[in-house]
Amino acid sequence: MSWRGAGKKSAVFFTCVLFVAAFISLYSRSLHEGTFVKNLLVASETTPRLFTNLDETLNYGSRPAVQTRTSWNAPIMWELMFDANFYDQKHHELNTSVAVTVFAVGRYLEAYLNTFLISAEKHFMLGFPVTYYVFTDLPGNVTKITLAPQRKLKIIQVERYSRWQDISMMRMKLISEVIEKELRYSFSHVFCFDVDQEFKGRFGSEALGDSVAMLHAHFYKLPKNRFTYDRNPKSKAYMSEGDYYYHAAIFGGKCQNVKTLADFCYLNIMEDKMNNVEALWHDESHLNKYFWLHKPTKLLSPEYCWDMLIGDTSDILIKRVLWAPKQYEKLRI
Ligand code: UDP
Ligand code: GAL
Ligand code: MN
């Protein structure tokens with residue numbers, strides 16, 4: 001046999017060995033992958049589905065008479081749409097903790113704060129760590145109330161602006177500051193409330209979201225041309241169109257999102273002041289502008305902030321928060 005013939009034979013032999021090796025390697029890999037895929041299938045069949053977004057579990061068809069979803073697919077929360085226990089359980093697993101900001105400046109403290117806090121202890125985020133941040137010019141007048149375990153109250157002293165419009169608007173500056181300095185380190189979510197309201201029913205973890213807006217009870221059924229947006233082109237709050245009319249008495253979300261909202265409103269309020277204009281409904285006008293430009297990820301139905309003076313309650317299966325009676329003559333400076 002020539003050396004060439006021998007070389008050819010060994011080349012064929014090595015090629016065969018390589019083929020066999022490659023085949024064995026591919027076959028064993030496919031076997032392995034097969035088991036992996038099988039395991040995955042078994043796992044997905046036996047373990048419950050992990051919801052990346054809890055709102056995927058909502059029953060959007062449970063309230064045919066009202067809108068339960070926005071055009072950008074944010075849920076509008078109504079009674080019967082959600083499973084309260086499911087939300088609570090998931091938020092406990094997520095270690096959710098909530099900060100509340102509430103302003104009680106001047107005569108609003110004596111008139112409203114106790115009712116607000118005592119009723120919140122009965123209905124707001126029960127079972128979760130909650131800290132109330134009470135902003136007031138009269139820290140000594142805040143009476144001690146009994147708080148459930150894991151719940152705290154902190155008082156932050158603020159100045160009393162001479163105009164009630166400024167007391168209301170400058171909340172945005174103070175909310176931004178407290179989030180920056182403190183809340184973002186200790187709380188997943190923050191809710192900002194007017195003090196002139198009383199909790200009457202569950203206001204629970206179903207209301208939590210990345211960016212949460214409140215449908216104003218007086219406007220949720222009205223045509224858009226009745227919405228009281230700011231219509232003055234000179235104001236930063238000017239709007240010619242919008243989605244909904246939101247109520248500034250309640251808004252919330254993840255700390256960072258609420259800070260972005262508060263900064264936006266505060267900067268625009270200050271720019272208006274430099275231009276000698278004031279938006280029609282003060283901070284609420286700016287908040288509406290913000291939510292028009294940055295869509296909220298969750299809307300609360302008027303169950304969450306109802307005015308007893310409204311006659312038609314056909315959609316309101318449960319009143320969770322009620323407006324307290326207005327006493328402007330007596331309370332505003
Ligand atoms: N506020 C306050 N003292 C005042 C005026 C307003 O503490 O003298 C706070 C308080 O939290 C109040 C909120 O600012 O709920 C908004 O004002 P108000 O409720 O009077 O406005 P409305 O809801 O009637 O538009
Ligand atoms: C009123 C409410 C005001 C403001 C206004 C908007 O009913 O008391 O706070 O929200 O609606 O038009
Ligand atoms: Mn109010």
Side-chain angles (χ1 to χ4, degrees), residues 100-117 119-120 132-139 141-142 153 155-175 178 190-199 213-232 235 237-239 242 244-252 262 265-266 269 278-292 300 302 304-312 321-333:
V100 167
T101 68
V102 63
F103 286 69
V105 176
R107 292 194 272 267
Y108 277 59
L109 195 162
E110 209 176 284
Y112 299 121
L113 185 63
N114 273 357
T115 306
F116 176 88
L117 291 172
S119 65
Y132 303 97
Y133 285 81
V134 175
F135 294 75
T136 182
D137 56 328
L138 303 163
N141 292 12
V142 178
L153 186 147
I155 301 174
I156 297 183
Q157 183 159 15
V158 295
E159 68 177 289
R160 177 183 183 166
Y161 292 98
S162 53
R163 298 173 63 242
W164 62 265
Q165 295 91 335
D166 286 328
I167 297 177
S168 185
M169 288 193 292
M170 296 310 261
R171 290 184 291 175
M172 291 300 184
K173 174 178 188 268
L174 295 158
I175 288 169
V178 76
V190 52
F191 258 108
C192 306
F193 284 95
D194 267 18
V195 72
D196 57 340
Q197 14 197 17
E198 179 172 359
F199 292 84
M214 177 75 232
L215 284 182
H216 196 300
H218 286 257
F219 298 92
Y220 82 102
K221 273 187 162 173
L222 292 186
K224 286 185 178 186
N225 63 7
R226 300 277 302 277
F227 292 176
T228 52
Y229 296 139
D230 185 89
R231 307 286 185 180
N232 173 5
S235 169
Y238 168 80
M239 292 170 71
Y244 299 94
Y245 191 77
Y246 301 113
H247 195 178
I250 301 179
F251 58 93
C265 294
Y266 174 57
I269 286 166
E278 193 160 89
L280 179 65
W281 285 102
H282 320 105
D283 41 310
E284 183 166 278
S285 302
H286 294 279
L287 174 125
N288 271 279
K289 181 76 172 269
Y290 178 83
F291 281 135
W292 164 238
L300 302 181
Y304 288 82
C305 193
W306 187 248
D307 182 0
M308 288 300 277
L309 298 178
I310 303 173
D312 177 4
V321 172
L322 291 182
W323 299 21
K326 307 268 178 206
Q327 310 171 46
Y328 293 143
E329 299 301 314
K330 209 172 105 192
L331 300 179
R332 282 181 175 168
I333 316 147

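As the structure lists them, so they are numbered: ligands from 1, and atoms in each ligand from 1. Just the heavy atoms: all of them, side chains too, but no hydrogens, waters or symmetry mates, feed the values below.
The distance criterion of under 3.5 Å between nitrogen or oxygen atoms is met by Phe103 with respect to ligand 1. The shortest N or O to N or O distance between Asp194 and ligand 1 is below 3.5 Å. Between His247 and ligand 1, no N or O atom pair is found at a separation short of 3.5 Å. Residue Trp164 has no nitrogen or oxygen atom sitting less than 3.5 Å from a nitrogen or oxygen atom of ligand 1, judged on distance alone.
At a 4.0 Å cut-off, at least one heavy atom of Ala104 sits close enough to ligand 1 to count as contact. Ligand 1 has no atom lying under 4.0 Å from any heavy atom of Tyr112. Ligand 1 has no atom lying under 4.0 Å from any heavy atom of Arg160.
Here the straight-line distance linking atom CE of Met170 with atom CD of Glu159 works out to 7.5 Å at 0.5 Å rounding. Atom CG of Asp137 and atom CZ of Phe103 lie 11.5 Å apart (nearest 0.5 Å). Note: Trp323 CH2 to Asp307 CG = 4.5 Å, rounded to the nearest 0.5 Å.
Using cut-offs of 30° and 60° on the angle between ring planes, the pair His282 and Trp164 is perpendicular. Ring geometry for Tyr229 versus Phe227: interplanar angle over 60°, hence perpendicular rather than tilted (30 to 60°).
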Exercise for the section: Could you go through the ring-ring contact (aromatic ring centres under 6.0 Å, His included) check for Phe193 and Phe116 one step at a time? Expected result: CA-CA 10 Å; Phe193 284 95; Phe116 176 88; 5.6 Å; yes

Exercise for the section: Please assess Trp306 against His247 for the test ring-ring contact (aromatic ring centres under 6.0 Å, His included), listing each intermediate value before the final yes or no. Expected result: CA-CA 11 Å; Trp306 187 248; His247 195 178; over 10 Å; no

Practice task
Could you please spell out the steps behind the side-chain contact (heavy atoms from CB on, under 4.5 Å) verdict for Trp281 and Asn288?
Solution key: CA-CA 10 Å; Trp281 285 102; Asn288 271 279; over 6 Å; no

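Heavy atoms only, all atoms of each residue included: Phe191 and Gly252 are closest at CD2-CA, 4.0 Å. Of all non-hydrogen atoms in Lys224 and Gly242, the two that sit nearest each other are NZ-O, 2.9 Å. The two residues Gln327 and Tyr112 have their closest heavy-atom pair at N-OH, 3.8 Å. When every heavy atom of Thr136 is checked against every heavy atom of Val105, the shortest pair comes out as CA-CG2, 4.4 Å. Taking all atoms of both residues into account, the shortest heavy-atom contact from Cys265 to Met172 is CB-CG, 3.7 Å.
At a cut-off of 3.5 Å, with distance as the only test, no side-chain donor of Tyr304 or Gln197 sits close to an acceptor on the other residue.
With distances taken over non-hydrogen atoms, the option nearest atom 8 (O) of ligand 1 out of Thr101, Ile167, Leu113 is Ile167. Compare Val134, Val195, Val105, Asp196 by their heavy atoms: the one nearest to atom 19 (O) of ligand 1 is in Asp196. Among Glu284, Arg332, Lys326, the residue whose heavy atom lies nearest to atom 21 (O) of ligand 1 is Arg332.
Only the side chain of Tyr328 comes within 4.0 Å of ligand 1, judged by heavy-atom distances.
At a threshold of 4.0 Å, the pair Arg171-Asp194 counts as salt-bridged, since one of the basic side-chain nitrogens sits closer than that to a carboxylate oxygen.
Of all protein N, O or S atoms, those under 2.8 Å from the Mn ion (ligand 3) number 3.
Listed by number with element, the atoms of ligand 1 under 4.0 angstrom from any heavy atom of Arg171 are 13 (C), 14 (O), 16 (C).
Sorted by chain and number, the residues within 4.0 Å of ligand 2 by heavy atom are His216, His218, Phe219, Thr228, Tyr245, Trp281, Glu284, Trp323, Lys326.
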